[in-house]
Amino acid sequence: MSQAGPTERTLLSVRKEKGTLVAALIDPEDFTVESASQVALKVQELGVSCIFIGGSTIADQAHLDQVVTGIKRDVTIPVVLFPGNITGISPHADAILFSSLLNSTNTYFIIGAQAIGSIQVMKTKLEAIPMGYLVFGEESTTGFVGQVRGIPLDKPSISVMYAMAAHYLGMRSLYLEAGSGSDKIISPEVISAVRKYYPGLLIVGGGVTTPEAASKISKAGADIIVIGNMLQKEGFESKLASIVEAIK
């Protein structure tokens with residue numbers, strides 16, 4: 001089994017020192033190179049601990065490379081790829097969440113894309129962070145594109161079974177996804193149930209727009225809370241600042 005690389009060790013170290021971290025998710029499809037860099041710099045100043053870059057529908061790899069390069073130039077926090085497909089790989093990032101969409105009904109998203117993408121990851125010497133990816137509900141773009149059988153938000157036992165499988169398969173991180181732009185969050189009950197049985201880095205995203213929601217997710221056991229769609233809205237800074245403050 002591969003060992004944790006420097007970016008993964010940094011995230012674990014900062015988590016141990018500061019508690020639950022906030023990651024900003026930037027989808028290159030929604031930003032110009034300049035605006036992505038400006039947002040990245042702002043979120044770093046507000047206390048965000050890492051930048052995730054990715055999306056479900058990335059098609060322009062040249063633009064992705066430019067976005068990653070621009071962000072890397074302007075920030076010092078880790079820049080980690082979170083690809084929805086093989087088109088989401090860039091050699092300029094610090095690391096990649098090498099994920100398997102565990103509850104997809106299409107083997108391409110479970111292992112097919114990973115097999116194809118592994119060659120590029122190896123050649124570019126990207127640090128790979130093995131991750132299980134679980135999508136909840138039925139209404140997200142991620143779920144539609146990834147052809148998932150969404151996990152019910154009120155069934156912690158199903159989440160635990162997948163989490164234990166991810167652990168036994170050697171996945172050192174696990175992402176619980178309520179869906180991009182979702183108006184629902186992963187419930188504290190689900191997070192705490194998964195936390196009880198999953199010892200790795202637990203990432204939670206989707207629908208987190210208030211400090212109250214972030215606080216509940218943090219207290220339930222999340223290691224990283226992901227904020228995405230909010231970053232596209234004017235004046236996001238005050239909301240994000242309150243979320244970062246709420247989980248200190």
Side-chain angles (χ1 to χ4, degrees), residues 1-25 48-54 77-86 88-91 93-104 109-122 124-136 142 146 148 151 156 158-178 186 190-206 217-218 220-226 228 247:
M1 183 184 297
S2 64
Q3 299 297 311
T7 301
E8 186 177 352
R9 292 197 301 270
T10 294
L11 293 176
L12 292 169
S13 176
V14 176
R15 164 65 171 115
K16 185 176 181 180
E17 177 186 349
K18 295 185 176 181
T20 303
L21 311 180
V22 174
L25 173 59
V48 164
S49 297
C50 62
I51 307 288
F52 289 170
I53 299 180
I77 56 178
V79 177
V80 180
L81 299 172
F82 178 32
N85 209 326
I86 57 174
I89 301 174
S90 169
D94 295 310
I96 180 172
L97 295 173
F98 199 82
S99 65
S100 173
L101 185 48
L102 296 176
N103 60 321
S104 176
F109 294 104
I110 301 172
I111 190 60
Q114 294 77 5
I116 298 169
S118 65
I119 302 299
Q120 189 174 353
V121 171
M122 179 190 68
T124 56
K125 298 182 179 180
L126 269 171
E127 176 187 338
I129 303 174
M131 184 181 83
Y133 189 26
L134 297 176
V135 176
F136 291 70
T142 304
V148 305
I151 297 173
I158 297 177
S159 310
V160 168
M161 289 190 293
Y162 274 103
M164 291 174 65
H167 172 53
Y168 292 141
L169 284 167
M171 297 173 179
R172 295 193 299 271
S173 58
L174 180 67
Y175 195 129
L176 309 182
E177 171 73 88
I186 305 296
V190 167
I191 297 167
S192 60
V194 169
R195 178 80 288 170
K196 183 177 179 181
Y197 293 96
Y198 181 76
L201 192 67
L202 185 57
I203 307 168
V204 178
I217 290 171
S218 174
D223 295 310
I224 299 177
I225 296 175
V226 181
I247 63 173

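Applying the ring pair (Phe, Tyr, Trp, His ring centres under 6.0 Å) test to F52 and every residue at least two apart in sequence or in another chain returns nothing. Judged as a side-chain contact (heavy atoms from CB on, under 4.5 Å), and not counting sequence neighbours, the contacts of T124 are P91, Q120, L126.
In this structure, CG in D223 is found 12.5 Å from CD1 in I217, a value given to the nearest 0.5 Å. Interatomic distance, R15 CZ to T20 OG1, rounded to the nearest 0.5 Å: 4.5 Å. With rounding to the nearest 0.5 Å, the separation of CD1 in I151 from CG in L176 is 8.0 Å. To the nearest 0.5 Å, the span separating CD1 on I225 from CD1 on I247 amounts to 4.5 Å. Separation of atoms OG (S159) and CZ (F136) is listed at 3.5 Å; rounding is to 0.5 Å. Atom CG of residue L174 and atom CG of residue L134 lie 5.0 Å apart, to the nearest 0.5 angstrom.
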ask   = Given S118 and F98, is the side chain to side chain contact (heavy atoms under 4.5 Å, CB included) satisfied, shown in steps?
value = CA-CA 9 Å; S118 65; F98 199 82; 4.1 Å; yes
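None of L101, L102, V226 except one satisfies the side chain to side chain contact (heavy atoms under 4.5 Å, CB included) rule with Y175; the exception is V226.
Of all the heavy atoms in V48 and V22, the pair that sits closest is CG1-O, 3.2 Å. Taking both residues in full, the closest heavy atoms of S173 and I203 are given as CB-CD1, 4.5 Å, listed atom of the first, atom of the second, then distance. Nearest heavy-atom pair across G200 and R195 is O-NH2, 2.7 Å. Across all their heavy atoms, M164 and Y197 have their closest contact at CG-CB, 4.0 Å. In this structure, L81 and A93 approach most closely via the heavy-atom pair CG-CB, 3.5 Å. Scanning all heavy atoms of the two residues, the minimum distance from A222 to I191 falls at N-CG2, 3.9 Å.
Looking only at distances, a side-chain donor or acceptor of R9 sits under 3.5 Å from a matching main-chain atom of A4. Side-chain atoms of D94 come within 3.5 Å of backbone atoms of V79 as a donor-acceptor pair (strictly under, hydrogens ignored). Here the side chain of N85 pairs no donor or acceptor atom with the backbone of A113 at under 3.5 angstrom. Using a distance-only test at 3.5 Å, with no hydrogens or angles considered, a donor-acceptor pair links the side chain of Q114 to the main chain of F109. Although no hydrogens or angles enter the test, the distance criterion places a donor-acceptor pair under 3.5 Å between the side chain of S100 and the main chain of I110. A donor-acceptor pair is defined here as one N or O able to donate and one able to accept, closer than 3.5 Å; no such pair exists between the side chain of Y168 and the backbone of A163.
In this structure, L11 and C50 have side chains that are in contact, with non-hydrogen atoms separated by less than 4.5 Å. By the 4.5 Å heavy-atom criterion applied to side chains, V160 and I158 are not counted as neighbours. At a threshold of 4.5 Å between non-hydrogen side-chain atoms, the residues L201 and E8 do not count as touching.
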